[in-house]
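Structure record follows, encoded as structure tokens.
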Amino acid sequence: MKVAYALASGAALVGTSDAFVAPAAVRSPLQQQRTSSRPNVVMAATAEKPATSKEAQAVPGGVMTLSRYMLDQARINTDYQDLEQLMGSIQYACKTIANLVSRAGISDLTGLQGDGGSVNVQGEEQKKLDVISNDVLKNALRSSGKLGVIASEEEDTPVLVEEAFNSKFVAVFDPLDGSSNIDAAISTGTIFGIFEETEECIVDDDADMDEASQVCLLNTLQPGGSLVAAGYCMYSSSTILVFTMGDGVNGFTLDPQIGEFVMTHPNIQVPKRGKIYSFNEANSPDWPENLQTYVTDLKNGDGESGEKYSSRYIGSMVGDVHRTLLYGGIFGYPGDINNPNGKLRLLYEGAPMAFICEQAGGMATTGTQRVMDINPEKVHQRVPTYLGSAEDVTELINALKKEKAE
Ligand SMILES: O=P(O)(O)OC[C@H]1O[C@](O)(COP(=O)(O)O)[C@@H](O)[C@@H]1O
């Protein structure tokens, strides 16, 4: 029996120190049974005394691999068994994409897809690796048998997974985020979000398939607050997979020697405040004046902390968010006079990253509301996104409330 549910928009933020926890009333069965499932080492970790990478890795008889971590979760809490299998497919896909990305220049995988290039539904030129990564992830997710519907940046519309009707999950993903950087071998990444399928998507044998598939396709349009898992895999000097299942955030580094993701970043906690801002300032002339003032103040040390901030911007959301989670500060892609909703896509960029950031003790906002509270209307809709340290994001929200120059 599956339970259809939706996150009550406007649910109050509970407890800023630890990651946001949806009020019990609106947590899915999978979300409700989470508290008791972290391995002791990670449980013992605190912001003050986080478990060292060595401690987190060291488990009886070897290292804490992602596979082992998920097996532990599924043993502790049977509701994780389906997610354990799904994460198996996701990590396989990320290892494959990591290998393709690292050999792109060697195996002629740089450059645009097809002769004369091809564009996706958003009019963006597709890189060869955009298309290949999309296929790798789609096939891996399909083979899990756990997915009914998938939505991808590289697919015009959500795709129904015929062979998995009566499945359990919906996956949304950006197979190769920051692909504009791929030919320069600068960090890129895969972003994914997992929702539970809603009741309406259970299809009886004699159901009208077209109607059913329409309903199922709509299943992808769920708010971030309904995510049951989200993560990213960064392809950079190391390949690091960071994810949450709604009870904290853990990071695993791909050890090429054993071909396994090994836990290296247990219980990631984003610092309460940072000293780095990360925006594409080339767009600043088109930004709202109060945002321009906010960034100028950070530069001059005229912000709340009185610290002079530094600027870092890779132009790959995964790279910029990963650094922000570890070092603190604020990353954003604001709306501006030309693009009121900015550039980042809500469903497979904004919402999954917001879930991870909140689970790590940070915040994620559009400037006026939690990114996680937005009910998507379109699969590829964009959303202004600011995320990072709680004190930095709060300062930004207050700055955006300020009227034109006082
Ligand atoms: O070049 P810009 O305009 O600063 O945009 C960079 C942003 O666009 C993105 O590359 C968009 O993602 P895709 O590469 O998946 O289309 C983000 O990763 C990044 O944060």
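If you're wondering where the values come from, they're calculated on a predicted model, not measured in any experiment. Just follow the structure's listing: the first ligand is 1, and inside any ligand the first atom is 1.
- For atom 14 (O) of ligand 1, the nearest non-hydrogen atom of the protein is G178 N, 2.8 Å.
- Contact atoms of ligand 1 toward D174: 15 (O) (distance under 4.0 Å to a heavy atom of the residue).
- Near E153, with a cut-off below 4.0 Å to any heavy atom, the atoms of ligand 1 are 13 (P), 15 (O), 16 (O).
- With sequence neighbours left out, the salt bridge (charged side-chain N to carboxylate O under 4.0 Å, His left out) criterion links K343 to no other residue.
- Judged by distance alone, with hydrogens and angles left aside, the side-chain atoms of S144 form a donor-acceptor pair with the main-chain N or O of L141 at under 3.5 Å.
- Checking K343, M353, Q126, E124 against atom 1 (O) of ligand 1, the nearest heavy atom belongs to K343.
- Ion pair D130/K127 not flagged as a salt bridge, since none of the NZ, NE, NH1 or NH2 atoms sits closer than 4.0 Å to an Asp/Glu carboxylate oxygen.
- Screening T110, D108, D183 for a side-chain hydrogen bond (donor to acceptor under 3.5 Å, both in side chains) involving K128 leaves a single residue, D108.
- Between E124 and R345 there is a salt bridge, since at least one side-chain N of the basic residue sits less than 4.0 Å from a carboxylate O of the acidic one.
- Taking 4.0 Å as the cut-off between side-chain N and carboxylate O, K299 and E281 count as a salt-bridged pair.
- At a 4.0 Å heavy-atom cut-off, ligand 1 touches N280 through the side chain alone.
- Close N/O approach between N283 and ligand 1 is not found [any backbone or side-chain N/O within under 3.5 Å].
- Not one N or O on the side chain of N300 forms a donor-acceptor pair closer than 3.5 Å with the backbone of D302.
- In terms of protein heavy-atom proximity, atom 19 (C) of ligand 1 is closest to G315 O, 3.4 Å.
- Under 4.0 angstrom from ligand 1, the non-hydrogen atoms of R345 all belong to its side chain.
- Taking every non-hydrogen atom of D177 and a distance limit under 4.0 Å, the qualifying atoms of ligand 1 come out as 11 (C), 12 (O), 13 (P), 14 (O), 15 (O), 17 (C), 18 (O).
- Nearest to atom 3 (O) of ligand 1 among the protein's heavy atoms is Y333 OH, 2.6 Å.
- Of all protein heavy atoms, the one closest to atom 20 (O) of ligand 1 is M317 N, 3.3 Å.
- The protein heavy atom nearest to atom 4 (O) of ligand 1 is Y313 OH, 2.6 Å.
- Ion pair K168/E197 not flagged as a salt bridge, since none of the NZ, NE, NH1 or NH2 atoms sits closer than 4.0 Å to an Asp/Glu carboxylate oxygen.
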